[in-house]
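Okay, structure first, notes after.
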Number of protein chains: 2
Amino acid sequence: MNSQSIENYLKVIFNQAISTDEVNTTGIAQALEVSLPSVNSMVKKLAGMGLLEYQKYKPLKITDKGRKMAARIIRKHRLTEMYLVEKMGFGWEEVHDIAEQLEHIQSPVFFDRMDELLGYPQRDPHGSPIPNKNGQIAVLEYRPLADCQPGEQVELKALGHTSDEFLKYLNSKELALGVKVEVLEVEAFDRNMKVEYSGHQEVLSALVCSKLLVS
Amino acid sequence: MNSQSIENYLKVIFNQAISTDEVNTTGIAQALEVSLPSVNSMVKKLAGMGLLEYQKYKPLKITDKGRKMAARIIRKHRLTEMYLVEKMGFGWEEVHDIAEQLEHIQSPVFFDRMDELLGYPQRDPHGSPIPNKNGQIAVLEYRPLADCQPGEQVELKALGHTSDEFLKYLNSKELALGVKVEVLEVEAFDRNMKVEYSGHQEVLSALVCSKLLVS
DNA sequence: TTAAATAGTTAGAATAGACTAACAAATTTA
DNA sequence: TAAATTTGTTAGTCTATTCTAACTATTTAA
C-alpha cells in the first residue's frame, strides 16, 4: 500500500500539473514544506512506480497512472469535505484539515457509503469537481468574476482558492455558492468591482474577484 | 504528535492490562504481529515518555498517563464504530477495520461532533463502554451467559469478543444486543446451553456462552 | 535442583523519509 | 555572452521503526 507521504506528493504534483502540465521540483518542495533533496528522492521513487516521467533537470510529467491515482485520493478528500458539511454540520472553512487526514483512509466501502448518503454529488462544498471512482474528473468551464463586465448578472459556482482566511472572509461578506451577483461598476485603476447580491452592495478587490468562479 | 505506531502499542498494552494489570512483551508482540525486539525497543521508548513503567525482565505496568492516553484513542475508535453503525448504516461486523484507521485522526472537533450527533452514547455497537474525554472508562458489571443457571432470563448487553467471524455467527443466529435470552438447559458434559430467545430455541457452545455478556 | 523451555534483551542491519552541505546545470540579467 | 541567480542533484547523515541472530534471565518440569 502507498504511504501517506507518497499520496501527499502525488496530490501536490497532480494539482500543480492542472495549471501547467509540467511540474517543477521547487514548487513541490514549497507546497509540502520539505527540502529540495527530499523532493528529488521521492520523485525518483514515484517515477520508479510509473507515476511520473522523470529526466534529470527536466520538468516532471505526471503519467496517466499517476493522474488516476491522484484523482482517487482527491475524490476521497472532496467526498469527505462534502460529507462533513452536509451530514455533520461543519462550515466550509472547517473541513480542509480533517479531509486532509481522512483522504488517506483505505476503505472503499467507507467512501462509497459517503457517496451514496450524499446522493452522488458532483461538487465539493467549494464547488470543485469530485473525481469519479475511475479517477476521471469533470472539467469546469466557469470563469472568474474578474472577467465580467458591468451589467452582467452571474451566479457564484466555485472558488479558485480555498484557504481558511479566504473562506472566513467570504462568510463575513455572506458570499456562498449559489449567490446571484450583479456587476455594477469596475474601477479602471485597480480593477476593484462594485457588486450587488442578496440585496446589498459590496466592493470586492481584484484579487477576490479573480478567485470567485461564476457562470 | 504521537505516531500511529506508538498509539497502536499503547492501545494493545492498555487492553492487555485490563485483564491482568501486568503486561508481558510476548503478548504485545503477538497482538501487533511484530518481533520481540521491536516490542522491546518501543517499550523503552514508551517508558521514556512516562506511559509505562519498565524494568528489565519484569512485567510492564501502564502508568495513569499511559492509561489516559490509551483510553482517548479507544474513545475515538468506539465513537467511530458507533457512528458507522448508527449514522452510516454499517453492520457491527464491518466497522472494526475502518475504526482502526479513523482512531488515529487528530481532530477533537471531528470526534466531538460525532459524539454530539450520536447523543453522547455510553457504549459502542458491541456493548463496550466508550471512555469519556478525560480518558475515564465506566466499569461494566455484566457476567457471561455461561455463568447463568437454567431458568434464568437475561438480556444480552455486550460481547467479550468481537472478531468478524464471531459477529457473523451472531448475525446468523439473530443474536443482537438487547435480545432477551432464557436459559433452558445446561449440558453437564460440555457446558453447551440450550436457550430460547426471539421465539426460537438454539444450542450455544460453552465458548460462545463465555463471550456473551448479559445482565 | 538441575535441565529444558520460555521470555526478554542486546547488537547490528535494513528501509522510509527527512535533512544539510556541496556542487552542477539551466536560466536570467546586465 | 559572461556573470549572477535560480533550480536541481548528489553524497552523506539522522530518526523512526522494523528485522534477524545471538545471548541471558526466568520459569517450568523431570
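Only heavy atoms go into these numbers, but all of them, side chains included; no hydrogens, no water, no symmetry mates. On a predicted model such as this, the values are computed, not experimentally measured, just so you know. Every chain is numbered from 1 and lettered A, B, ... according to where its sequence line falls, protein lines coming before strand lines.
The distance from atom CD1 of A:I28 to atom C1' of C:dG17 is 15 Å, rounded to the nearest whole Å. Computed from coordinates, the B:K45 NZ to D:dT15 P distance equals 11 Å when rounded to whole Å. Rounded to whole Å, the distance from CG on B:N40 to C1' on D:dT18 is 13 Å. Atoms CG (B:L36) and P (D:dT24) sit 17 Å apart, rounded to a whole Å. Between B:N2 atom CG and D:dA16 atom C1' the separation is 13 Å, expressed in whole Å. Between the CD atom of B:Q4 and the P atom of C:dA16 there is a distance of 18 Å, rounded to whole Å. The distance between atom CD of A:Q55 and atom C1' of C:dA25, rounded to the nearest whole Å, is 15 Å. In this structure, A:N24 places its CG atom 13 Å from C1' of C:dT27, rounding to the nearest Å.
Take the nearest nucleotide of DNA chain C for A:V39 and for B:P37: the residue whose nucleotide is more 5' is B:P37.
Backbone-only contact: B:T25 has heavy atoms under 4.0 Å from sugar-phosphate atoms and none from a base. Contact annotation for A:S5: backbone-only contact, meaning every heavy-atom pair under 4.0 Å involves sugar-phosphate atoms and none involves a base. The residue B:S3 sits close only to the backbone: its heavy atoms come under 4.0 Å of sugar-phosphate atoms, none of a base. Contacts of B:K44 with the nucleic acid, taken as non-hydrogen atoms under 4.0 Å apart, involve only primed sugar atoms and P, OP1 or OP2.
Classification of B:D115 and B:K133 as a salt-bridged pair fails, no side-chain N sitting under 4.0 Å from a carboxylate O. The pair B:E185-B:K194 meets the salt-bridge criterion, since a charged nitrogen lies less than 4.0 angstrom from a carboxylate oxygen. Ion pairing between a basic and an acidic side chain is recognised when a charged N comes within 4.0 Å of a carboxylate O; B:K11 and B:E103 show such pairing.
Figure legend: cation-pi geometry between B:R113 and A:F90, with NZ or CZ positioned under 6.0 Å from the six-membered ring centre and within 45° of its axis.
Listed pair A:K56 / C:dA24 fails the phosphate criterion, with no side-chain N or O lying under 4.0 Å from OP1 or OP2. Distances shorter than 4.0 Å separate none of the side-chain N or O atoms of B:S41 from OP1 or OP2 on D:dA16. Residue A:Y9 has no polar side-chain atom (N or O) positioned under 4.0 Å from OP1 or OP2 of C:dA16. In terms of phosphate contacts, A:Y57 brings no side-chain nitrogen or oxygen within less than 4.0 Å of OP1 or OP2 of C:dC23. An OP1 or OP2 oxygen of D:dC19 is reached within less than 4.0 angstrom by a side-chain nitrogen or oxygen of B:S35. Remark: B:S38 is not in phosphate contact with D:dT17, judged by side-chain N or O atoms under 4.0 Å from OP1 or OP2.
Between B:R143 and B:V154 the shortest side-chain heavy-atom distance falls below 4.5 Å.
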